[in-house]
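Letters A, B, ... are given to chains in the order of the sequence lines, protein chains preceding strands, and every chain is numbered from 1. Remember, predicted model here, so these are calculated numbers, not experimental data.
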2 protein chains.
Amino acid sequence: MAPQQPRSGERASRPGIEVINRAVDLLAAFTQGPGSVLTLAELARRTGLPKPTLHRLLAALEVQGLVDRTASGYQLGIRLFELGEHVPRKHKLREAALPFMQDLFEASHDTVHLAVLDGTDVVYLERIHGHRALNVASRVGGRLPAHCTGVGKALLAYNPEAALRVMAMPLPPRTAYTITSHQVLAEELQRIRQTGISYDREENSLGITCVAAPIVVDGHAVGAVSVTSAPGSDVERYASAVRTAALGIRRSLGRTPILHPTPPRARASKKEPT
Amino acid sequence: MAPQQPRSGERASRPGIEVINRAVDLLAAFTQGPGSVLTLAELARRTGLPKPTLHRLLAALEVQGLVDRTASGYQLGIRLFELGEHVPRKHKLREAALPFMQDLFEASHDTVHLAVLDGTDVVYLERIHGHRALNVASRVGGRLPAHCTGVGKALLAYNPEAALRVMAMPLPPRTAYTITSHQVLAEELQRIRQTGISYDREENSLGITCVAAPIVVDGHAVGAVSVTSAPGSDVERYASAVRTAALGIRRSLGRTPILHPTPPRARASKKEPT
DNA sequence: GGCTCGCGTTCCGTCATGCGGAACGGTGTC
DNA sequence: GACACCGTTCCGCATGACGGAACGCGAGCC
């Protein structure tokens, strides 16, 4: 009787090795939606995979420590964390940035962020805070659209390619203050290039403002730092401290190369213009 | 002519799905040995897999963002980091611990660690430090034998099962001060249980001493914090601060359940005694 | 120039291996 | 007792991963 409709429409021919795609989908399922301990049935619902298949996959992942079994279900395993910490774009940047982030924290006692760009999103690499932390939307390893965050705009200002991609897509509002016009965003990026400072005035989340500065290497932002605070307190106060921190991080990176993924096109021809 | 010898001897029947085992081996290869950008040929050497196979695997992993291609080779991708940050044992504990770790840092301006136990090893979840950081062997996402670190001994003291496993294995020395006798280690653990404090006096690395305290929930350590400093300065100074921080973290965890992987044996019968 | 070495890449015939519907045992619920 | 939902096992099928062989390329060497 089964209409047999492929759950997500594209059963046929996804690029890559199907087992691996499924395994990663499975791991990603833990990050979507609430709860961190999931039953096999719940995973079946989230991924659309048949239960025997999931059972087999989970057993294989458990052997490798990427998934743990607990009395009440499965959860992501510590081995996955270990691997994730060896990602060079995270590790090198964080190592260089942390001391400066600590300085910012001691000066402000507010939440301090470190982020990089991935596509048109911002991915948070680090986030330090004290006991009284504002209820920020970000989390380490989390992702937010670049156009509505302080770090995101700082990164876009020094990543023309990514900026173009953002300019080519709609800018969904997240609050009443989110920049939704490409024109306005372009002007904003221009202003950031002039001052070296980027602000987020409740553009992503009400009650949250940020000062951010890009970490610029060879005219290209490899990351950005920010200090977050409540709208009342004037964030401008930390502007120069954040900018100085970004410069310090830049210097501390020294000649550590932070390679960015090669865009698919530019690969065959090895002409690095820079 | 090919002798066809299976590279690592156990070609036949490794548990789990072979593609997945290989893929994880491949990812793990990036964490073994120096360098973070590896060529296909280098990966072939490290994993013992044939080049076409690797090529296919890498392409699949790249589609998922677990691996990036750069002009000079492959590196682990930011997506892997994202997944790793959703590991609950890391995330929940870190979130609760960070403010207290900041307190410790501000008080000492030394390196502050947060770690959990995995088997007979310690895995570092977090490590904060300032500009002048001692040259510590640890790194976030890194692994060290439990018996020769401050956090490790603190964790063992409140994990009888893991302690037993350590007692059943040889204790390789890492410095002249490493505890290599089971008898001595048992006494040390006993002392830790009495005082709630664990010391590492250059047992893992010369020039490095630590004070550590376990984060104990229901008589079971779910993690440990430590402050590291140079042998000259008396570490005892921070003993009570570290202990207090551990208690604070414990309280802050509240009723957040931190589930530990179910030991293989205890799974079928669902009798959780606690 | 030509030669060689090591690199990444493509092809393609083979067959191991992942697949998943069906069926089963256990537990909690109405 | 019937039902619903869970996790688990079985097993025949064919798909999709496998890897030896061969190729194009650039760097280094003579």
Side-chain angles (χ1 to χ4, degrees), chain A residues 1-7 11-26 37-64 67-75 262 264 266-272, chain B residues 1-8 10-26 35 37-63 67-75 262 264 266-272:
Chain A
M1 53 139 163
Q4 197 70 0
Q5 50 212 343
R7 243 71 168 202
R11 168 61 48 89
S13 79
R14 192 154 54 139
I17 301 180
E18 196 51 25
V19 202
I20 288 188
N21 287 332
R22 289 175 168 198
V24 178
D25 286 353
L26 172 51
V37 179
L38 303 182
T39 64
L40 187 132
E42 173 62 17
L43 287 167
R45 254 172 262 122
R46 293 197 185 185
T47 59
L49 293 173
K51 283 195 291 177
T53 301
L54 272 178
H55 191 259
R56 192 168 3 100
L57 276 174
L58 285 165
L61 292 171
E62 190 193 3
V63 170
Q64 293 288 347
V67 154
D68 284 340
R69 283 199 82 154
T70 68
S72 51
Y74 296 91
Q75 64 183 8
T262 315
R267 194 170 296 152
S269 62
K270 276 189 181 175
K271 51 174 101 168
E272 297 282 336
Chain B
M1 55 143 160
Q4 196 69 359
Q5 50 211 344
R7 244 69 168 205
S8 24
E10 37 52 285
R11 167 60 49 88
S13 77
R14 192 155 52 141
I17 301 179
E18 196 51 25
V19 202
I20 289 189
N21 287 333
R22 289 174 168 197
V24 179
D25 286 353
L26 172 52
V37 179
L38 303 182
T39 64
L40 188 134
E42 173 61 16
L43 287 167
R45 255 171 261 122
R46 292 196 185 186
T47 60
L49 292 173
K51 282 196 290 178
T53 301
L54 272 178
H55 191 261
R56 192 165 5 98
L57 276 174
L58 285 164
L61 291 172
E62 190 193 3
V63 170
V67 155
D68 284 340
R69 280 198 85 151
T70 69
S72 51
Y74 295 91
Q75 64 183 7
T262 314
R267 192 170 297 151
S269 60
K270 276 188 181 175
K271 51 174 104 170
E272 298 278 338

S.K.: For D:dG16 and A:R22 - does any side-chain N or O of the residue sit under 4.0 Å from the phosphate oxygens OP1/OP2?
M.R.: no
S.K.: Over the length of the helix from C:dG1-D:dC30 to C:dC30-D:dG1, how much do the five-pair end axes diverge, rounded to 10 degrees?
M.R.: 30°
S.K.: For A:R56 and C:dG18, is the shortest distance between a side-chain N/O and OP1 or OP2 below 4.0 Å?
M.R.: no
S.K.: Output the rounded distance in Å from CG (A:L54) to P (C:dG20).
M.R.: 10 Å
S.K.: Can a side chain N or O of B:R45 be found less than 4.0 Å away from OP1 or OP2 on C:dC7?
M.R.: yes
S.K.: Please report the distance, rounded to the nearest Å, between OH in B:Y74 and P in C:dC7.
M.R.: 13 Å
S.K.: Out of C:dC19, D:dG7, D:dG20, which has the shortest distance to the side chain of B:P52?
M.R.: D:dG20
S.K.: Figure out the NE2/P separation between B:H55 and C:dG8, and round it to whole Å.
M.R.: 9 Å
S.K.: Please tabulate, one pair per line, each protein N/O and nucleotide N/O from nucleotides 24-26 of chain D that are separated by under 3.5 Å, including the distance.
M.R.:
none

S.K.: Can you check whether any acceptor in the base of D:dG19 is under 3.5 Å from a donor in the side chain of B:K51, or vice versa?
M.R.: no
S.K.: Would you say a side-chain N or O of B:R69 is under 4.0 Å from OP1 or OP2 of C:dT9?
M.R.: yes
S.K.: Output the rounded distance in Å from CG (A:L40) to C1' (C:dG26).
M.R.: 15 Å
S.K.: May I have the step-by-step check of side-chain contact (heavy atoms from CB on, under 4.5 Å) for A:T53 and A:R56, ending in yes or no?
M.R.: CA-CA 5 Å; A:T53 301; A:R56 192 168 3 100; 3.7 Å; yes
S.K.: Whole-Å distance between C:dT9 P and B:L43 CG?
M.R.: 12 Å
S.K.: For D:dC18, take OP1 and OP2 only and decide whether either is under 4.0 Å from a side-chain N or O of B:T53.
M.R.: no
S.K.: Any side-chain heavy atom of B:D25 sitting closer than 4.5 Å to one from B:R14?
M.R.: yes
S.K.: May I have the distance from A:L58 (atom CG) to D:dT8 (atom C1'), rounded to whole angstrom?
M.R.: 13 Å
S.K.: Begin from the C-alpha positions of B:V67 and B:L26 and carry the test side-chain contact (heavy atoms from CB on, under 4.5 Å) through to its verdict.
M.R.: CA-CA 10 Å; B:V67 155; B:L26 172 52; 6.0 Å; no
S.K.: Checking A:R46 now: which residues fulfil salt bridge (Lys or Arg N to Asp or Glu O under 4.0 Å) with it, not counting sequence neighbours?
M.R.: A:E42
